[in-house]
Amino acid sequence: MSATVSFDVPTEHGPRTVTLSYARVGSGAPLLLLHGIGHHRQAWDPVVHLLAAERDVISVDLPGFGASPALPGGLRHDLPTMNAALGALCETLEIERPHVAGNSLGGLLALELGREKLVRSVTALSPAGFWTQAERRYAFGVLLGMRQIARRMPLPLVERLARTAAGRTALTSTIYARPARRSPEAVVAETLALAGATGFEDTLRAGVTVQFTDDVVGVPVTIAWGTKDRLLVRRQGVRAKQIIPRARLVRLPGCGHVPMNDDPALVARVILDGSR
């Protein structure tokens, strides 16, 4: 079941109210799930039931994505603001230092929360921020192209393409190594989510200067990378390990940039192992 929660985030102009949509299921230690840019919390659906057997799973639509509205005026879609918003979310939901797992943008946010010691452990799947400038420009170019296609494509065409494996491959092979495994309904929903993401441009703009350069100390960190990631190439995982030397670096064979759908059992095991 999805729900919404509102809370105040401090700014230099006074508090601003942020509203986020989330779903919560399972029992055990709390585990916060953060998706990538242009996606929505349903990106985690293939693994949620596996995680919920052992964790209290909270999957969140980030501001300006999925069912969550963009941040109010006076707040930027940057890392300090997102840290404050996610910290306030946990406080409002009465979750003290949850485990966190994130993918892409969500992986970067998870590492930021770990750096600030707001979480118990971090599992980052193909996290953003370990790129060279050339790699970042490439990734942003691909993301902008995907966004433009999603916004221009009529819904009947999206639905027709999603009904076939070849069509799902055409729509999602940039992020999935095994796009035919994604359900037609999920492909339609995430194409609409990408087209309708009100926070997309502001988030991308804030990411132009992002480079993760700090170690994460005092918090267990797992960094996992798909061997078939076409958006953020896997050598960025080696850089991440150099910057966070105590991190566990895990290879995800045959997985793309969003690995939860490519190999749900493996991804769930990596997250559960990383959040003991």
Side-chain angles (χ1 to χ4, degrees), residues 1-5 18-25 32-48 57-71 77 82 85-86 89 101-110 125-126 128 139-163 167-176 178-207 230-232 256-262 264 267:
M1 289 288 291
S2 62
T4 58
V5 62
V18 172
T19 299
L20 294 180
S21 176
Y22 71 98
R24 191 170 187 174
V25 64
L32 186 65
L33 300 179
L34 307 175
H35 62 76
I37 187 170
H39 228 147
H40 54 176
R41 58 180 170 76
Q42 288 85 350
W44 295 99
D45 281 356
V47 298
V48 162
V57 180
I58 305 101
S59 51
V60 181
D61 279 328
L62 294 171
F65 300 99
S68 293
L71 292 170
H77 287 250
M82 292 306 304
L86 292 170
L89 168 70
N103 174 225
S104 194
L105 166 66
L108 169 63
L109 297 176
L125 311 174
S126 296
F140 280 26
V142 172
L143 289 166
L144 283 166
M146 291 172 63
R147 163 88 159 168
Q148 290 169 359
I149 290 169
R151 296 186 78 177
R152 292 173 182 168
M153 198 174 291
L155 179 57
L157 176 57
V158 175
E159 292 173 334
R160 190 161 68 247
L161 286 170
R163 284 196 288 268
R168 293 193 294 280
T169 298
L171 289 169
T172 65
S173 62
T174 305
I175 58 172
Y176 299 127
R178 298 162 178 148
R181 290 187 178 184
R182 198 71 169 138
S183 75
E185 297 77 17
V187 168
V188 172
E190 60 196 4
T191 302
L192 293 176
L194 175 58
T198 55
F200 185 91
E201 281 78 13
D202 285 344
T203 301
L204 207 64
R205 198 174 300 118
R230 298 176 184 171
L231 191 65
L232 299 180
H257 183 62
V258 181
M260 299 85 80
N261 188 74
D262 287 330
V267 170

Non-neighbouring partners of T19 that pass side chain to side chain donor-acceptor pair (under 3.5 Å), sequence neighbours left out: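 Applying side chain to side chain donor-acceptor pair (under 3.5 Å) to T19 gives S6.
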With R205 via side chain to side chain donor-acceptor pair (under 3.5 Å) - residues at least two apart: D202
Salt bridge (charged side-chain N to carboxylate O under 4.0 Å, His left out): pairs with one or both residues in residues 189-200, sequence neighbours excluded: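 As it turns out, the salt bridge (charged side-chain N to carboxylate O under 4.0 Å, His left out) pairs with a partner in residues 189-200, which skip direct neighbours, are R182-E190.
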Salt bridge (charged side-chain N to carboxylate O under 4.0 Å, His left out) pairs, two or more places apart, involving residues 141-153: R147-E201, R151-E201
N103 side chain reached by L34 side chain, heavy atoms, under 4.5 Å: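 A side-chain contact is absent here, since even the closest heavy-atom pair is not under 4.5 Å.
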Those residues that, when tested against H39, pass ring-ring contact (aromatic ring centres under 6.0 Å, His included) (two or more places apart):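 Testing H39 for ring-ring contact (aromatic ring centres under 6.0 Å, His included), a comparison that skips the adjacent residues, returns none.
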Partners meeting ring-ring contact (aromatic ring centres under 6.0 Å, His included) with F140 (sequence neighbours left out): W131
Pairing residues for R41 by the salt bridge (Lys or Arg N to Asp or Glu O under 4.0 Å) criterion, not counting sequence neighbours: D61
Residues in salt bridge (Lys or Arg N to Asp or Glu O under 4.0 Å) contact with D262, at least two apart in sequence or another chain: none
Contacts of [X] that satisfy side chain to side chain contact (heavy atoms under 4.5 Å, CB included) - sequence neighbours left out:
{"X": "A110", "result": "V100, V122"}
{"X": "E185", "result": "S183"}
{"X": "R24", "result": "Y22, D56, I58, L93, I95"}
{"X": "P156", "result": "P154"}

How long is the gap from [atom1] on [X] to [atom2] on [Y], to the nearest 0.5 Å?
{"X": "F65", "Y": "L194", "atom1": "CZ", "atom2": "CG", "value": "9.0 Å"}
{"X": "H257", "Y": "L125", "atom1": "NE2", "atom2": "CG", "value": "9.5 Å"}
{"X": "I175", "Y": "R230", "atom1": "CD1", "atom2": "CZ", "value": "11.5 Å"}

